[in-house]
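Note: hydrogens, waters and symmetry copies are ignored here, and every other heavy atom, side chains too, is used.
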Amino acid sequence: MSEIMLSSKTELQHLFANYSTLKTSNVLEQLLEECCVDTKGRNPREVINDLYFDLYPNETVVKASFVQKALPLKKANSVYAFEVPAGNSRADVCRIGRLSTAYEIKTEYDSFTRLETQLRDYLSIFDLCYLVVPRAQLTKAVNLSPPTCGIITYTHHRRSIAFCTKRKALPTKDKNVQKQINSLSQSELHKALSSTQAEKQPGATLGNTTQSPTDLNRSFKRILKQRYEQRWRFLQEHQAEILPIDYEWFFFNNIDPSKVY
């Protein structure tokens with residue numbers, strides 16, 4: 001990538017601030033020209049993707065790198081999801097399978113201002129929670145997170161990001177059932193009640209059912225998996241056709257990449 005250079009940090013910021021998955025190749029070509037980038041005949045989307053991974057490892061890049069190894073595992077029971085609502089927060093990445101795991105990513109460009117609230121929300125409804133930070137911020141992450149929260153650090157070198165678990169997460173013992181309920185839609189709440197439960201308690205809801213917290217948590221994970229499984233499988237199926245910077249967009253918009261690119 002060394003042959004493609006941006007003449008200033010301002011041009012770099014302008015390029016990334018104006019990128020959109022839905023912009024045409026011609027528009028992206030013009031954007032690169034404005035930033036004095038010579039594509040040398042390459043696809044402008046690929047050039048921008050490489051510039052992102054080379055020079056600007058922001059949240060989009062770290063998220064894409066984090067899920068990239070899981071994408072080929074089509075037979076795996078777990079699914080991954082982006083921006084999963086949890087209380088007043090949204091988990092950057094969530095893995096849902098036998099256990100539910102939330103991952104909060106803080107890059108070198110991010111603030112830790114809301115971290116306490118975010119981790120509290122995740123620890124109240126998910127089985128496990130991890131904080132993902134640059135290796136240089138390990139000490140800060142340890143000081144600002146509870147011991148039950150796991151810590152993963154990452155290092156960035158050119159287009160590669162390597163992750164390393166520094167502290168394993170501990171299972172959340174006392175989850176907030178009401179927060180789990182509030183994170184589901186009305187239709188999902190109805191699905192969370194088994195047909196047997198509904199027959200025994202006509203008109204029952206998760207709020208007044210006699211299900212144990214363990215059963216409720218199992219229902220919660222089942223519904224979350226159903227919510228995101230089709231989107232995740234779509235991303236797995238089309239991974240080879242999608243640029244990493246666009247993973248999240250295609251996750252939420254299951255559109256044939258050939259119709260967008």
Side-chain angles (χ1 to χ4, degrees), residues 59 63 66-67 70 77-106 110-133 141-152 167-232 248 251-252:
E59 185 179 294
K63 280 183 183 179
F66 192 75
V67 304
N77 188 45
S78 298
V79 303
Y80 284 74
F82 298 103
E83 298 297 322
V84 178
N88 295 315
S89 308
R90 285 180 177 271
D92 290 317
V93 176
C94 189
R95 180 181 181 182
I96 310 134
R98 185 178 64 84
L99 298 174
S100 59
T101 308
Y103 300 92
E104 176 59 31
I105 296 171
K106 295 295 184 187
D110 296 324
S111 165
F112 280 68
T113 304
R114 294 194 62 249
L115 182 63
E116 182 179 355
T117 299
Q118 290 170 317
L119 295 184
R120 188 188 309 120
D121 282 337
Y122 307 150
L123 289 166
S124 67
I125 72 172
F126 296 114
D127 294 324
L128 300 170
C129 174
Y130 279 92
L131 175 59
V132 184
V133 298
V142 171
N143 292 335
L144 294 178
S145 62
T148 51
C149 177
I151 297 176
I152 297 172
R167 185 173 73 189
K168 295 194 72 172
L170 299 177
T172 304
K173 294 182 179 179
D174 300 314
K175 297 180 183 64
N176 188 321
V177 173
Q178 192 58 51
K179 273 191 177 182
Q180 288 182 320
I181 292 172
N182 291 343
S183 68
L184 301 176
S185 68
Q186 285 299 314
S187 61
E188 289 173 334
L189 288 173
H190 288 302
K191 289 180 184 177
L193 286 170
S194 67
S195 58
T196 303
Q197 182 75 24
E199 289 172 4
K200 291 181 179 179
Q201 293 179 264
T205 67
L206 277 180
N208 61 29
T209 180
T210 57
Q211 287 187 46
S212 69
T214 299
D215 288 337
L216 286 169
N217 185 46
R218 191 178 296 115
S219 295
F220 173 72
K221 287 182 285 190
R222 185 180 71 250
I223 296 304
L224 276 189
K225 186 176 180 181
Q226 290 174 349
R227 180 197 293 175
Y228 296 113
E229 185 158 26
Q230 182 176 341
R231 294 175 178 179
W232 175 246
E248 188 171 343
F251 174 83
F252 285 110

For the [atom1] atom on [X], are there more than 12 heavy atoms of other groups (residues, nucleotides or ligands in this structure) within a distance under 6.0 Å?
X      : atom1 : value
Asn88  : CG    : no
Gln226 : CD    : yes
Glu116 : CD    : no
Asn143 : CG    : yes

Hey, are the side chains of [X] and [Y] touching, using non-hydrogen atoms and a 4.5 Å cut-off?
X      : Y      : value
Pro171 : Asp127 : no
Val133 : Phe112 : yes
Phe220 : Leu184 : yes
Pro147 : Leu170 : no

For Ser187 and Ser185, test the side chains for any donor-to-acceptor distance below 3.5 angstrom and give the result as yes or no.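 Checked: Ser187/Ser185 side chains pair up, N/O donor to acceptor below 3.5 Å.
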Can a donor-acceptor pair be found between the side chains of Ser145 and Arg167 at a distance below 3.5 Å? yes
Gap separating the [atom1] atom of [X] from the [atom2] atom of [Y], nearest 0.5 angstrom:
X      : Y      : atom1 : atom2 : value
Tyr80  : Thr101 : OH    : OG1   : 8.0 Å
Glu188 : Arg227 : CD    : CZ    : 4.0 Å
Lys168 : Ile152 : NZ    : CD1   : 11.0 Å
Leu115 : Leu131 : CG    : CG    : 5.5 Å
Asn217 : Leu99  : CG    : CG    : 9.0 Å
Gln178 : Ile125 : CD    : CD1   : 12.0 Å

Which heavy atom in Cys129 sits nearest to a heavy atom in Ala169, and how many Å separate them?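 Answer, listing the atom of Cys129 first, then Ala169: O-CB, 3.4 Å.
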Is there a side chain to side chain contact (heavy atoms under 4.5 Å, CB included) between Tyr122 and Thr172? Walk through the geometry before answering. CA-CA 10 Å; Tyr122 307 150; Thr172 304; over 6 Å; no
Residues that Lys173 engages under side chain to side chain contact (heavy atoms under 4.5 Å, CB included), provided they are two or more places apart: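 With sequence neighbours excluded, Lys173 shows a side chain to side chain contact (heavy atoms under 4.5 Å, CB included) to no residue whatsoever.
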Donor-acceptor pair, Lys106 side chain versus Val132 backbone, under 3.5 Å?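 It does not hold such a pair.
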Which pairs would a plain distance check flag for residues 89-98, meaning a side-chain donor or acceptor within less than 3.5 Å of a matching protein atom at least two apart in sequence or in another chain?
unit_1 : atom_1 : unit_2 : atom_2 : d
Ser89  : OG     : Asp121 : OD2    : 2.7
Arg90  : NH1    : Glu83  : O      : 3.2
Asp92  : OD2    : Ile105 : N      : 2.7
Arg95  : NE     : Ser78  : OG     : 3.4

Using 30° and 60° as the class boundaries, would you call the ring planes of Phe251 and Phe82 parallel, tilted or perpendicular? perpendicular
